[in-house]
Amino acid sequence: MPLVADGTADRGAVAALALEQCRIIPADRRSFLHLAARSADAGLPAGAAFFGALAEGETLASDRLGALLAACQVGERQAEEYVPTAGCQAYPAYVAWLALNGEPADVVLALTANFAAWGGYCAALAGALRARYGFPDEACAFFDLFAEPSPDLGRSALAALEEGVSRGTITPRTALRQGRLLQEYEGMFWSSLADRAGAARP
């Protein structure tokens, strides 16, 4: 983040971020759809609606990646041949684990706690890419999507949490532990990109 903020990261580092997201977004979407289905099967309609909304958000994000890749001058072949970084893919791997093993109401709380951090990063990146790199609005649309809090999503999350409390399916200690791990995997994502950016600098 500091390298992009001061304009010293090359576009290859920004391209790596976008290319990692090409793998993360479809993985997270499938995880959220699975959580939506598990919630519906368990008679948790608010939880199903929350995870369904997250899956729809991932679809919107995927639609906006193309312009970011184009601004980074990433072609189709380069995108296909890109080798993901383990540190960047740890987050979606854990989300997939939660989709299979987590109690849906706990996962709602864990994910919601991490959204603010991700949104803040996206807001900072959108501003820096415009100011430092001259990226057009369409290339920053991916980050803009996550930069502002969504009142509708917040209400959906609250409804799912209230549902979990009323059904006795939420365990705050477990949810907080899961949220902490998500934060740590989020940190690994950014530190892995920073290592890659640093290795690419002369």
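Keep in mind that the numbers below use all heavy atoms, side chains included, and drop hydrogens, waters and symmetry copies. Residue numbers count from 1 along this sequence.
Counting all heavy atoms, side chain and backbone alike, T8 lies closest to D6 at OG1-OD1, 2.6 Å. Counting all heavy atoms, side chain and backbone alike, T169 lies closest to E103 at O-CG, 2.8 Å. M188 and A90 make their closest contact through CE-CB, 4.0 Å (heavy atoms, listed as atom of the first residue, atom of the second, distance). For the pair A61 and I25, the tightest heavy-atom approach, listed with the atom from each and the gap, is CB-CD1, 3.9 Å. In terms of heavy atoms, A139 sits closest to A71 at CB-CB, 3.6 Å. When all heavy atoms of D106 and A175 are compared, the pair lying nearest together is O-CB, 3.6 Å.
Checking L111, V95, L33 one by one against D28, the side chain to side chain contact (heavy atoms under 4.5 Å, CB included) holds for a single residue, V95. Here the rule is side chain to side chain contact (heavy atoms under 4.5 Å, CB included) with V107, and of I170, L98, N101, T174 only L98 fits it.
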Applying side chain to side chain contact (heavy atoms under 4.5 Å, CB included) to T85 and F189, what does each step give before you reach the verdict?
CA-CA 9 Å; T85 303; F189 174 85; over 6 Å; no

Apply side chain to side chain contact (heavy atoms under 4.5 Å, CB included) to residues L19 and C72 and explain how you reach the verdict.
CA-CA 10 Å; L19 288 165; C72 295; over 6 Å; no

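Note on L182: it clusters hydrophobically with F115, by side-chain heavy-atom contacts below 4.5 Å among ILVMFWY residues. Linking ILVMFWY residues whenever their side-chain heavy atoms come closer than 4.5 Å, directly or via other members, leaves F51 and L60 in distinct clusters. Linking ILVMFWY side-chain heavy atoms closer than 4.5 Å, directly or via other members, places Y82 and V14 in two distinct hydrophobic clusters. With hydrophobic clusters built from ILVMFWY side chains whose heavy atoms lie under 4.5 angstrom apart, I24 does not share a cluster with F32. Side-chain heavy atoms closer than 4.5 Å link hydrophobic residues (I, L, V, M, F, W, Y) into clusters, and following such links, even through other members, never connects Y91 to L65.
Within the 4.5 Å cutoff, no side-chain heavy atoms of S39 are placed close to those of V108. Two residues are said to be in side-chain contact when any heavy atoms from C-beta on lie closer than 4.5 Å; F146 and L125 fail this criterion. For the pair L158/F50, no side-chain contact is recorded, criterion being any heavy-atom separation below 4.5 Å from C-beta on. At least one side-chain heavy atom of F143 sits under 4.5 Å from a side-chain heavy atom of L68. Side-chain contact between V4 and Y133 is present, with at least one heavy-atom pair separated by less than 4.5 Å.
The line from CD of E186 to CD of Q183 is 7.0 Å long, rounded to the nearest 0.5 Å. For the atom pair R38 CZ and L44 CG, the distance stands at 10.0 Å (nearest 0.5 Å). How far CG of L17 is from CG of L69: 10.0 Å, rounded to the nearest 0.5 Å. L161 CG to T112 OG1: the interatomic distance, rounded to the nearest 0.5 Å, is 6.0 Å. Rounded to the nearest 0.5 Å, atoms CZ (R177) and CZ (R173) are 9.0 Å apart.
At least one donor-acceptor pair under 3.5 Å links the side chain of S166 to the backbone N or O of E163. Here the side chain of S31 pairs a donor or acceptor atom with the backbone of A27 at under 3.5 angstrom. Side chain of S62 to main chain of E58: no donor-acceptor pair is present (N/O by atom type, distance under 3.5 Å, no hydrogens or angles). Of the possible polar contacts, none joining the R132 side chain to the A9 backbone as a donor-acceptor pair under 3.5 Å is found. With hydrogens and angles disregarded, no donor-acceptor distance shorter than 3.5 Å links the side chain of R23 to the backbone of P92. Side-chain atoms of Q178 do not come within 3.5 Å of backbone N or O of A110 as any donor-acceptor pair. The backbone N or O of G43 lies less than 3.5 Å from a partner atom in the side chain of R167, making a donor-acceptor pair. Judged by distance alone, with hydrogens and angles left aside, the side-chain atoms of R29 form no donor-acceptor pair with the main-chain N or O of T59 at under 3.5 Å.
Ion pairing between a basic and an acidic side chain is recognised when a charged N comes within 4.0 Å of a carboxylate O; R155 and D152 show such pairing. Ion pairing between a basic and an acidic side chain is recognised when a charged N comes within 4.0 Å of a carboxylate O; R130 and D144 show such pairing.
Aromatic rings of W97 and Y94 (six-membered ring for Trp) have centroids within the 6.0 Å cut-off, being under it.
Crowding of E148 atom CD: a count of heavy atoms from other residues, nucleotides or ligands under 6.0 Å not exceeding 12.
Using cut-offs of 30° and 60° on the angle between ring planes, the pair F142 and W118 is perpendicular.
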